[in-house]
Novice: 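Once you've had a glance at the structure underneath, I'll fire off some questions.
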Amino acid sequence: MKLDKIEKSILDAESHRHKNELAISTFLLSNGHVLKPLIRAQQEKVWLDYQRAALTTERSRLENSHHRRDELSAKLELRKLELNVAREKLQQGVTALDNCKAELDRKREVQRAVVLEILTQRRRICEDLEKIYPIDAIVGRTLAFSIRGVELPNTSYDGYDEELLGTALGYTAHLVYLLSFYLGVKLRYPVYPSGSRSYIEDPVSVFQGSRTFPLWPKGSVYYRFEYGVFLLNKSIEQLMNSQSLLVIDLRHTLPNLKCLLLSMESNG
């Protein structure tokens, strides 16, 4: 019973739906000329709403663009001002650099003149020192030299007069002292000229006892005398190195000094 009623209700509902659809279709067919303007007006309203929304969006974008343009314009103007300031500073720097270059060129000219004058004075001083302490080769003997007429051997001192040897070393020590002064070279082993009792100091080496060594053999400890002569030769080597000269044999005391004096006279 219940199923029959349900089935009947479903059939009635379908019948009413079909009738309604048919009535609506008939109404639309008979009144289409009236509904079309309404439909078109509704479509146009929807389209206008869409256009208004799009226009509002575009206006917002345009306003943002104008705002961004104004910001960029302000930054551009500020950047232009900064560039103008930078150009002025650059121009000032270029002017200052040109002035510094001109001043540098002037000072270089002064420096060249001073260097030339120093070389000239050094040459004159060396000529005077060579007149005071002439170093001459001994005829007939290889690498044998004398200073102020007193021979100073290069290696072995056996058989030589100790007083004359001390005198020759005193002359040499005084000449080395004067050369270090005029060349502006601070000797690692300071020389203290005192005639035939000159001596030299070793402030560098590590040892006990006195740091001064005699440059005379008579009455002194011989190994200390030999070490003193070695230090004197090292001082001559330092002077030669200051003038870019090489020492072939450190023991050649007077030959090395003669070479130094000749080089300075020719460079001056």
Side-chain angles (χ1 to χ4, degrees), residues 1-122 183-188 203-204 238 240-246 267-268:
M1 253 340 252
K2 290 181 179 180
L3 292 175
D4 292 339
K5 289 181 179 180
I6 292 171
E7 183 177 3
K8 184 177 180 180
S9 297
I10 292 172
L11 292 174
D12 290 340
E14 288 181 351
S15 175
H16 283 296
R17 181 178 64 79
H18 180 70
K19 288 179 181 179
N20 289 333
E21 289 178 351
L22 182 62
I24 291 171
S25 299
T26 303
F27 177 79
L28 292 174
L29 290 174
S30 60
N31 298 285
H33 63 283
V34 177
L35 294 176
K36 282 183 179 180
L38 295 176
I39 294 173
R40 185 178 296 108
Q42 185 64 30
Q43 290 177 343
E44 290 179 354
K45 182 178 180 301
V46 172
W47 183 82
L48 286 174
D49 292 340
Y50 173 78
Q51 290 296 322
R52 289 192 186 96
L55 181 61
T56 302
T57 302
E58 289 300 322
R59 283 176 178 173
S60 177
R61 289 179 180 177
L62 183 61
E63 290 176 357
N64 292 335
S65 298
H66 288 167
H67 182 66
R68 179 61 178 167
R69 181 200 61 189
D70 294 338
E71 288 182 349
L72 292 177
S73 297
K75 289 182 179 180
L76 182 61
E77 291 299 324
L78 179 61
R79 187 58 179 164
K80 286 180 179 179
L81 292 176
E82 292 176 350
L83 286 175
N84 290 332
V85 173
R87 286 192 187 97
E88 292 179 359
K89 290 184 178 180
L90 177 61
Q91 187 60 41
Q92 293 174 359
V94 170
T95 303
L97 181 61
D98 292 338
N99 294 334
C100 289
K101 285 181 178 179
E103 182 66 15
L104 180 61
D105 292 338
R106 187 186 67 78
K107 289 184 177 180
R108 281 176 176 169
E109 289 295 330
V110 173
Q111 182 186 24
R112 280 192 286 267
V114 171
V115 169
L116 182 61
E117 181 64 21
I118 290 174
L119 292 176
T120 303
Q121 292 299 324
R122 281 182 178 175
L183 291 178
V185 178
K186 185 176 182 180
L187 296 176
R188 286 187 289 270
V204 179
Q238 184 182 352
M240 295 183 68
N241 290 339
S242 71
Q243 303 302 308
S244 302
L245 298 175
L246 295 177
N267 289 337

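FYI, the numbering just counts along the sequence from 1.
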Novice: What residues form a salt bridge (Lys or Arg N to Asp or Glu O under 4.0 Å) with Glu103, not counting sequence neighbours?
Specialist: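 Counting only residues at least two positions away or on another chain, Glu103 forms a salt bridge (Lys or Arg N to Asp or Glu O under 4.0 Å) with Arg106.
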Novice: Could you tell me which residues satisfy side chain to side chain donor-acceptor pair (under 3.5 Å) with Glu14, sequence neighbours excluded, listed by chain and number?
Specialist: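 Applying side chain to side chain donor-acceptor pair (under 3.5 Å) to Glu14 gives none.
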Novice: My understanding is that only residues two or more places apart in sequence, or in another chain, count here; which of them pass salt bridge (Lys or Arg N to Asp or Glu O under 4.0 Å) with Glu71?
Specialist: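 Once residues adjacent in sequence are excluded, the partners of Glu71 under the salt bridge (Lys or Arg N to Asp or Glu O under 4.0 Å) criterion are Arg68.
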Novice: Checking Arg112 now: which residues fulfil salt bridge (Lys or Arg N to Asp or Glu O under 4.0 Å) with it, not counting sequence neighbours?
Specialist: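 Salt bridge (Lys or Arg N to Asp or Glu O under 4.0 Å) check on Arg112 returns Glu109.
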Novice: Around atom CG of Leu246, are there more than 12 heavy atoms from other residues, nucleotides or ligands closer than 6.0 Å?
Specialist: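 Open.
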Novice: Output all residues satisfying side-chain contact (heavy atoms from CB on, under 4.5 Å) with Leu104, sequence neighbours left out; order by chain, then residue number.
Specialist: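 Testing Leu104 for side-chain contact (heavy atoms from CB on, under 4.5 Å), a comparison that skips the adjacent residues, returns Arg108.
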Novice: Measure the CD-CG distance between Glu44 and Leu48 for me, rounded to the nearest 0.5 Å.
Specialist: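 It is 7.0 Å, given to the nearest 0.5 Å.
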Novice: May I have the list of side-chain donor-acceptor pairs in residues 85-95 shorter than 3.5 Å, sequence neighbours left out?
Specialist:
| residue | atom | partner | partner atom | Å |
| --- | --- | --- | --- | --- |
| Arg87 | NH1 | Asn84 | OD1 | 3.1 |
| Thr95 | OG1 | Gln91 | O | 2.9 |

Novice: Could you tabulate the donor-acceptor pairs under 3.5 Å formed by side-chain atoms of residues 50-59, not counting sequence neighbours?
Specialist:
| residue | atom | partner | partner atom | Å |
| --- | --- | --- | --- | --- |
| Arg52 | NH1 | Asp49 | OD1 | 3.1 |
| Thr56 | OG1 | Arg52 | O | 2.8 |
| Thr57 | OG1 | Ala53 | O | 2.9 |
| Glu58 | OE2 | Arg61 | NH1 | 3.3 |

Novice: Show the atom names and distances, to 0.1 Å, of all donor-acceptor pairs under 3.5 Å that link a side chain in residues 72-82 to residues at least two apart or in another chain.
Specialist:
| residue | atom | partner | partner atom | Å |
| --- | --- | --- | --- | --- |
| Ser73 | OG | Arg69 | O | 2.8 |
| Arg79 | NH1 | Glu82 | OE1 | 3.2 |

Novice: Measure across Leu245 and Asn241 and return the closest heavy-atom pair with its distance rounded to 0.1 Å.
Specialist: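 What the structure gives for the nearest pair is O-OD1, 3.1 Å.
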Novice: Just verifying a value: how many Å separate Ser65 OG and Asp70 CG, rounded to the nearest 0.5 Å?
Specialist: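 That separation rounds to 10.5 Å.
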Novice: Starting at OG1 of Thr120, measure out to CZ of Arg122 and round the result to the nearest 0.5 Å.
Specialist: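 Taking OG1 in Thr120 and CZ in Arg122, the distance rounds to 11.0 Å.
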Novice: With sequence neighbours left out, what residues match Gln111 under side chain to side chain donor-acceptor pair (under 3.5 Å)?
Specialist: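 So Gln111 forms no side chain to side chain donor-acceptor pair (under 3.5 Å) with any residue.
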